[in-house]
Amino acid sequence: MNAPGRKWYFVHTYSGHENKVRSAIKATVEQMDAKDKVHHVVVPTEDEIEIKEGQRRTVKRKLYPGYVLVQTIELKEGDPDSDEAWHMIRNTTGVTGFVSSGTRPVPLSHDEVSHILRAMRMEQPRMRVAFIPGQSVRIVDGPFEDFVGTVDEINTEKGRVKVVVNMFGRETPVELDFLQVEKL
């Protein structure tokens, strides 16, 4: 991944077209037999647990919507090979340009690339929470079913939420699973 002479670049795409652009760049590289110039094309994503309609689902979430990560030979001014790689990627359908300063693309640092690739390899999917502290929610399951309360704390690691419920005129904190509550 970090071979000498290779650099990682961000390519800006139309929003929502990241996977199409990745496929198109790969197809162009195949057609033009340019595997020696363009090495990797990646849409940075991470797994995320989403709770919708009482169901837990694991979904892929794009870390950088509108961008594709591309590893190519180092793109230098005046080098015929790097000019060919630059034009091949730049003229791909859906690509709006490289992330650059001026006219030439700026490569990502080794630390930036390592951070992005590490985020993609995380074993535990991140939990997407639909509520925020202070928000009113209804309890839909358990002994406090049909009670309405206010979100006090959210613990994404454990998948739990602390809800303050008014019972018999007293504020009572109740710890529940994310699946046991819904937004009002």
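Both backbone and side-chain heavy atoms feed into the values below; hydrogens, waters and symmetry mates do not.
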| Contact check, side chains of His40 and Trp8, non-hydrogen atoms, under 4.5 Å | yes
| said: Does Val137 form a side-chain contact (heavy atoms from CB on, under 4.5 Å) with Glu182? I'd like the steps, not just the answer. | reply: CA-CA 6 Å; Val137 292; Glu182 69 180 12; over 6 Å; no
| remark: Smallest heavy-atom separation, Lys35 atom then His39 atom, equals O-ND1, 3.4 Å
| Is there side-chain contact between Val181 and Val163, with heavy atoms separated by less than 4.5 Å? | yes
| field | Any side-chain heavy-atom pair of Glu48 and Thr58 under 4.5 Å | value | no
| task | Of all the heavy-atom pairs spanning Ser82 and Glu74, show the shortest one and how long it is. | result | CB-O, 3.4 Å
| Got a second to check how far Gln71's CD is from Arg6's CZ, nearest 0.5 Å? | 5.0 Å
| request: Report yes if some heavy atom in the side chain of Val68 is under 4.5 Å from a heavy atom in the side chain of Val41; otherwise report no. | output: yes
| Is a side-chain N or O of Thr13 found less than 3.5 angstrom from the main chain of Gly66, in a donor-acceptor match? | yes
| Which heavy-atom pair separates Lys158 from Asn155 by the least distance, and what is that distance? | N-OD1, 3.3 Å
| request: Determine yes or no for a side-chain-to-main-chain donor-acceptor pair under 3.5 angstrom, with Thr92 supplying the side chain and Met88 the backbone. | output: yes
| task | In sequence, state the C-alpha distance, the side-chain angles, and the governing distance for Lys37 and Glu84, and then conclude on salt bridge (charged side-chain N to carboxylate O under 4.0 Å, His left out). | result | CA-CA 9 Å; Lys37 295 179 183 76; Glu84 184 183 339; 3.8 Å; yes
| query | Rounded to the nearest 0.5 Å, what separation is found between the CG atom of Leu108 and the NE2 atom of His115? | reply | 11.5 Å
| said: Tell me whether Val113 shares a hydrophobic cluster with Val11, the cluster being built from Ile, Leu, Val, Met, Phe, Trp, Tyr side chains joined at under 4.5 Å. | reply: no
| field | Minimum side-chain heavy-atom gap Leu63-Met120 below 4.5 Å | value | yes
| To the nearest 0.5 Å, what is the distance between NZ (Lys183) and CD1 (Ile132)? | 9.0 Å
| CG of Asp36: more than 12 outside heavy atoms within 6.0 angstrom? | yes
| query | Between CG of Asp33 and OG1 of Thr28, what distance do you get to the nearest 0.5 Å? | reply | 13.0 Å
| Does Leu179 share a hydrophobic cluster with Val165, counting links as ILVMFWY side-chain heavy atoms below 4.5 Å and allowing steps through other members? | yes
| said: So, taking the atom named CG in Asp79 and the one named CD1 in Ile73, what distance separates them when rounded to the nearest 0.5 Å? | reply: 6.0 Å
| message | So does Leu75 get a backbone contact from the side chain of Tyr9, meaning a donor-acceptor N/O pair under 3.5 Å? | response | yes
| remark: Of all heavy-atom pairs linking Asp177 and Arg160, the shortest is N-NH1, 3.5 Å
| message | The test is side-chain contact (heavy atoms from CB on, under 4.5 Å); show your working for Ile139 and Leu176 and say whether it passes. | response | CA-CA 9 Å; Ile139 300 172; Leu176 303 162; 3.6 Å; yes
| task | Quick one: closest heavy-atom pair of Gln180 and Gly142, and the distance? | result | NE2-CA, 4.0 Å
| Connected via hydrophobic side-chain network under 4.5 Å: Phe168 and Val148 | no
| request: Describe, in one word, how the ring planes of Phe98 and Trp86 are oriented to each other, choosing from parallel (under 30°), tilted (30 to 60°) and perpendicular (over 60°). | output: parallel
| Below 4.5 Å, heavy atoms only, C-beta onward: do Ile116 and Leu69 meet side chain to side chain? | yes
| query | Do Ile49 and Ile154 belong to the same hydrophobic cluster, where Ile, Leu, Val, Met, Phe, Trp and Tyr are linked whenever their side-chain heavy atoms lie under 4.5 Å apart, directly or via other members? | reply | yes
| task | Please report the C-alpha distance between Lys162 and Val174 in whole Å, then the side-chain angles of each, then the deciding distance to 0.1 Å, and finally whether the side-chain contact (heavy atoms from CB on, under 4.5 Å) criterion is met. | result | CA-CA 6 Å; Lys162 189 181 284 185; Val174 179; over 6 Å; no
| request: Indicate yes or no: at least one non-hydrogen side-chain atom of Lys26 is less than 4.5 angstrom from one of Arg22. | output: yes
| same_hphob_cluster(Val99, Tyr64) at 4.5 Å side-chain heavy-atom cutoff | yes
| field | Step-by-step salt bridge (charged side-chain N to carboxylate O under 4.0 Å, His left out) determination, Glu18 to Lys62 | value | CA-CA 9 Å; Glu18 298 87 353; Lys62 292 179 182 87; 3.7 Å; yes
| message | Please find the pair of heavy atoms, one from Val21 and one from Thr93, that lie closest to each other, and give the distance. | response | CG2-O, 3.8 Å
| request: Hey, can you tell me if Phe10 and Tyr67 have their rings parallel, tilted or perpendicular (30° and 60° cut-offs)? | output: perpendicular
| Heavy-atom side-chain contact between Ile25 and Ile89 under 4.5 Å | yes
| task | Could you give me the CA-CA distance, side-chain angles and deciding distance for Phe147 and Met167, then say whether side-chain contact (heavy atoms from CB on, under 4.5 Å) is met? | result | CA-CA 9 Å; Phe147 276 76; Met167 289 189 339; 3.5 Å; yes
| Rounded to the nearest 0.5 Å, what separation is found between the CD atom of Glu171 and the CG atom of Asp152? | 9.5 Å
